[in-house]
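Below, chain A is the first sequence line, B the second, and so on; all start at residue 1.
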Number of protein chains: 2
Amino acid sequence: MARELQIADACCGLAATPLSEDDAERFAVMFKALGDPIRLRLAALIAAQDEVCVCDLTPQFELADSTISHHLKVLRDAGLVGSQRRGTWVYYRVHPDALQALGVLLQPVGGAD
Amino acid sequence: MARELQIADACCGLAATPLSEDDAERFAVMFKALGDPIRLRLAALIAAQDEVCVCDLTPQFELADSTISHHLKVLRDAGLVGSQRRGTWVYYRVHPDALQALGVLLQPVGGAD
DNA sequence: TCCTTGGATCGATCAATGTCGAAACAGATT
DNA sequence: AATCTGTTTCGACATTGATCGATCCAAGGA
């Protein structure tokens, strides 16, 4: 059951949100996932296209394949991306809703006050 | 010298950004800073007002003052907030530009495709 | 001057994380 | 079935990070 991302709480940005402990916990997981240079680049590479084969990602880093796989799992567990196996290869794509929820949380900070 | 946050690279969001290793490094520091529930709540509390006295923050957490101070330092080092001492008390305020840069990086992911 | 109070820093401890190589797993090909 | 290739999982290790108590510093008040 792909949980529905019930993050309606992110309606008004950090500034307007008292941000319950639960929400803070959930959002922090996502921010933490993006809080690593490798994962941030991975996320950018995936977001740049509809979907990306892992086999196209690993060559772009000087890290063991298992390490890249680990980082992809962190992004997956955070709900930021999803994966799908087709034949031999595995393809990753972003979950736009998740990234957008984080964006909304940050955006209006200096906006309408 | 409050460094000028030269993050013009964040013009087009994750999707459009090849995201150089350097940029990834810089942004990751900020995301990582927000990647802790305590710090995320601190950031929200600070963003909710023009400025906030540390003395108003510490009572809202069941943590040692030194721990809160440490988390504030992480937010400060990431460039997300700034502090100013006035007499006995220290006041924190957000750096809207920094938060906004992160927001822009995330926002347009699912936007115009 | 000496205490008190608000904050930051330091040093120590324990948990979490990044990294790797080895092994396991899933499909495809022979 | 045997094997090859792409991907993930599994220990293991070194590094980082969260937390605390103790200490230090700055500003006020006795």
*Asks:* Return the minimal non-hydrogen interatomic distance between A:Pro37 and B:Ala24, and the atom names on each side.
*Replies:*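 Closest pair (atom of A:Pro37, atom of B:Ala24, distance): O-CB, 3.8 Å.
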*Asks:* Is there a side-chain contact between B:Val90 and B:Leu72, using heavy atoms and a 4.5 Å cut-off?
*Replies:*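 A side-chain contact under 4.5 Å is absent here.
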*Asks:* Side-chain heavy atoms nearer than 4.5 Å, only ILVMFWY residues, links allowed to pass through others: does that put B:Tyr92 and B:Leu63 together?
*Replies:*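 Shared cluster, yes.
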*Asks:* Going 5' to 3' through nucleotides 11-24 of chain D, assign each nucleotide B (protein heavy atom under 4.0 Å from a base atom), S (under 4.0 Å only from sugar-phosphate atoms) or - (no protein heavy atom that close).
*Replies:* ------SSBBBB--
*Asks:* Decide yes or no for A:Phe61 and A:Arg41: does some side-chain heavy atom of the first lie under 4.5 Å from some side-chain heavy atom of the second?
*Replies:*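 Sidechains of A:Arg41 and A:Phe61: in contact.
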*Asks:* Between the two end axes of the helix from C:dT1-D:dA30 to C:dT30-D:dA1, each built from 5 base pairs, what angle do you get to the nearest 10°?
*Replies:*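 Result, rounded to 10 degrees: 10°.
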*Asks:* Report the distance from atom CG of A:Leu19 to atom CG of B:Leu45, rounding to the nearest 0.5 Å.
*Replies:*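 Separation between the atoms: 8.0 Å.
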*Asks:* Tell me the interatomic distance from B:Arg86, atom CZ, to C:dG6, atom P, rounded to whole angstroms.
*Replies:*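 Whole-Å distance recorded here is 17 Å.
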*Asks:* In this structure, how many angstroms lie between the P atom of C:dG6 and the CD1 atom of B:Ile68, rounded?
*Replies:*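 Rounded to the whole Å, the gap is 15 Å.
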*Asks:* Using atom CZ of B:Arg85 as one end and atom P of D:dA27 as the other, report the distance to the nearest whole Å.
*Replies:*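 So the CZ-P distance, B:Arg85 to D:dA27, works out to 6 Å.
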*Asks:* Using whole Å, report how far CH2 of A:Trp89 lies from C1' of C:dG27.
*Replies:*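 Distance check: A:Trp89 CH2 to C:dG27 C1' gives 10 Å.
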*Asks:* With a 4.0 Å cut-off on N to O distance, would you call B:Asp22 and B:Arg26 a salt bridge?
*Replies:*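 Judged by the 4.0 Å cut-off on N to carboxylate O distance, B:Asp22 and B:Arg26 do not form a salt bridge.
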*Asks:* Between C:dG6 and B:Tyr92, is there an OP1 or OP2 to side-chain N/O distance shorter than 4.0 Å?
*Replies:*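 No, B:Tyr92 has no side-chain N/O under 4.0 Å of OP1/OP2 on C:dG6.
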*Asks:* Measuring to OP1 and OP2 of D:dA27, would you say a side-chain N or O of B:Thr88 lies under 4.0 angstrom away?
*Replies:*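 No, outside the criterion.
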*Asks:* Could you state the CG-C1' distance from A:Leu72 to D:dT9, rounded to the nearest angstrom?
*Replies:*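 That distance rounds to 14 Å.
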*Asks:* Do B:Arg86's NZ or CZ and the ring of B:Tyr91 fall within the cation-pi criteria of under 6.0 Å and 45°?
*Replies:*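 Geometry flag: set, cation within 6.0 Å and 45°.
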*Asks:* Measure from CD on B:Glu25 to P on C:dG18 and round the result to the nearest Å.
*Replies:*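 Roughly 13 Å, once rounded to whole Å.
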*Asks:* Just so I know, are the side chains of A:Leu34 and A:Leu75 near enough to count as touching, which here means a heavy-atom distance under 4.5 Å?
*Replies:*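 A side-chain contact exists here, since the closest heavy-atom pair is under 4.5 Å.
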*Asks:* Rounding to a whole Å, what distance do you find between B:Leu57:CG and C:dG7:C1'?
*Replies:*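 Going from CG in B:Leu57 over to C1' in C:dG7 covers 12 Å.
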*Asks:* Give the rounded distance in Å between these two atoms: CD of B:Gln84 and C1' of D:dA27.
*Replies:*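 Rounding to the nearest Å, CD of B:Gln84 and C1' of D:dA27 are 15 Å apart.
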*Asks:* Would you say the side chain of B:Val52 lies within less than 4.5 Å of the side chain of B:Arg93, judging by non-hydrogen atoms?
*Replies:*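 B:Arg93 vs B:Val52: side chains apart.
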